[in-house]
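Since we're looking at a predicted model, the values are computed, not measured.
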Amino acid sequence: MSTARGAAVASETFRAIGTSVVVVCTDARELARAADLVRARLDDLDRAASRFRADSELAVINSRSAESARAGRSEQLRIPVGTTLGSCLRAAMRTQRLTSGLVSASLGAALIACGYDDDLDAVRARGDVGPPAPDRISIPLRHMIFDEQRGEVALRPGTALDLGASAKAWAADTIAAELAATGPGGYLVNLGGDIAVAGTGPPRGWSIGVRDWNDAVVQVVTSTGQAFATSSTRLRTWVRGGIRRHHIIDPRTGRSARTRWAQVTCAGPDAVQANAASTAAIILDDQAPRWLTDRGVPACLMTVDHEVVTTPGWPAPTAARKRHVS
């Protein structure tokens, strides 16, 4: 997704945490401050929750978990976590509850087994190497538990955490709110398709372009406070065993979800909830439109052939191939 830029707003785009970042302000005088704050908070996030930085807090937890498994230990690990990682884990627990476990932070081992064991650029650069990923990966799903009172994460040895489904959305929500609390006007933060807004927005709302995997704007929607999130099976991909894989894991199989949807965009009261819905919809395949409708989630679901399905509350698409789910 992208923000339609008008004369009334100022924006800056840069790369961070492995994705494209856009920060937009209604007051151009606030842009430098806002961009600096976003960079600082994303650096904090990377040091806390990156699966690929050996020195990140999350990587250390995953390493301890793997070492315990290799040593044959079975007792649950309880590991204290810092403030930022604790907030990410809280968002992951919320995502897990919202999706009845369809979207889980405990799927890192399945991602690794599918070949996503390093930064995506590094995975792609080495090509299709290593043993083929099995069609079905038998990795017991033992959900992690975050104990907020003690500030500890509890997990079984061998569990590898991946917070890609919720930490970025949490950061968008939190950063947008902090910007609005510390400066005048309105702010929009877009972290690779997880979009949060806060403060006093433009008079007619924020114009947000829904982009497909070819970077073409297929629809422009308006946010008057809603957050948006897009999950895609076409962008974060790599090849393993001659098969193109993607990063959205179906916990029922332990492999990349088999789905008709190339991407799903959802609206929500915040980016964490929107991201939970869009990720779950990819996994749910044909059941997704009804699942979203039953939960009152406005959504736009698109197939690789650009067939569009929408749920109630989503603006009518302009594409010729469309279907509305009531």
Side-chain angles (χ1 to χ4, degrees), residues 1-49 83-84 87-88 90-91 94 166-211 215-231 265-278 297-300 313-315:
M1 301 186 74
S2 64
T3 307
R5 299 170 175 80
V9 300
S11 67
E12 184 169 338
T13 302
F14 53 92
R15 295 283 300 180
I17 59 169
T19 194
S20 175
V21 175
V22 183
V23 56
V24 189
C25 309
T26 57
D27 186 339
R29 295 169 296 182
E30 291 295 307
L31 183 59
R33 177 191 74 88
D36 286 346
L37 188 147
V38 172
R39 287 187 172 92
R41 296 296 175 266
L42 293 182
D43 184 61
D44 292 341
L45 178 68
D46 198 49
R47 286 186 282 110
T83 301
T84 298
S87 295
C88 293
R90 189 180 302 112
R94 181 183 171 211
S166 53
K168 187 158 58 68
W170 166 81
D173 287 330
T174 304
I175 294 170
E178 183 178 358
L179 287 171
T182 55
Y187 300 86
L188 180 148
V189 176
N190 179 355
L191 304 183
D194 292 325
I195 297 178
V197 299
T200 304
R204 296 183 181 180
W206 296 100
S207 294
I208 297 173
V210 180
R211 293 181 178 269
D215 204 32
V217 176
V218 295
Q219 188 178 11
V220 176
V221 295
T222 301
S223 169
T224 55
Q226 303 91 337
F228 290 85
T230 296
S231 296
T265 301
C266 295
D270 54 57
V272 169
Q273 189 163 326
N275 180 278
S278 64
V297 179
C300 175
W314 189 269

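What you find for Ala196 and Ala227 is that their closest heavy atoms are CA-CB, 4.4 Å. Taking all atoms of both residues into account, the shortest heavy-atom contact from Arg204 to Thr222 is O-CG2, 3.3 Å. Contact between Gly313 and Pro298 at its shortest, heavy atoms only, is C-CB, 3.7 Å. In this structure, Ala274 and Ala229 approach most closely via the heavy-atom pair C-CB, 3.6 Å.
Side chain of Glu30 to main chain of Tyr187: no donor-acceptor pair is present (N/O by atom type, distance under 3.5 Å, no hydrogens or angles). A donor-acceptor pair under 3.5 Å is absent between the side-chain atoms of Asp46 and the main chain of Ile17, judged by distance alone. Without hydrogens or angle criteria, Gln226 side chain to Thr224 main chain gives a donor-acceptor distance under 3.5 Å. Put simply, the side chain of Arg39 never gets that close to the backbone of Leu42: no donor and acceptor are under 3.5 Å apart.
Put simply, CG on Asp194 and CG on Asp173 are 8.5 Å apart, with the number rounded to the nearest 0.5 Å. Put simply, OG1 on Thr174 and CG on Asp44 are 11.5 Å apart, with the number rounded to the nearest 0.5 Å. Atoms NZ and CG, on Lys168 and Asn275 in that order, are 6.5 Å from each other to the nearest 0.5 Å. Distance CG/Asp270 to CD1/Ile195: 14.0 Å, rounded to 0.5 Å.
Considering only heavy atoms from C-beta on, Thr26 comes within 4.5 Å of Trp206 through its side chain. No side-chain heavy atom of Arg94 sits under 4.5 Å from any side-chain heavy atom of Trp170. Counting only heavy atoms from C-beta outward, the side chains of Val23 and Leu179 approach each other to under 4.5 Å. Counting only heavy atoms from C-beta outward, the side chains of Val38 and Phe14 approach each other to under 4.5 Å.
Look at Arg47 and Asp43 and you find a salt bridge, because one of the NZ, NE, NH1 or NH2 atoms lies within 4.0 Å of a carboxylate O, short of that distance.
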**Request:** Take Trp314 and Val221, measure what side chain to side chain contact (heavy atoms under 4.5 Å, CB included) needs, and give me the verdict at the end.
**Result:** CA-CA 9 Å; Trp314 189 269; Val221 295; 3.7 Å; yes
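By the 6.0 Å contact criterion, CZ on Arg29 is open, its count of non-hydrogen atoms from other residues, nucleotides or ligands being 12 or less.
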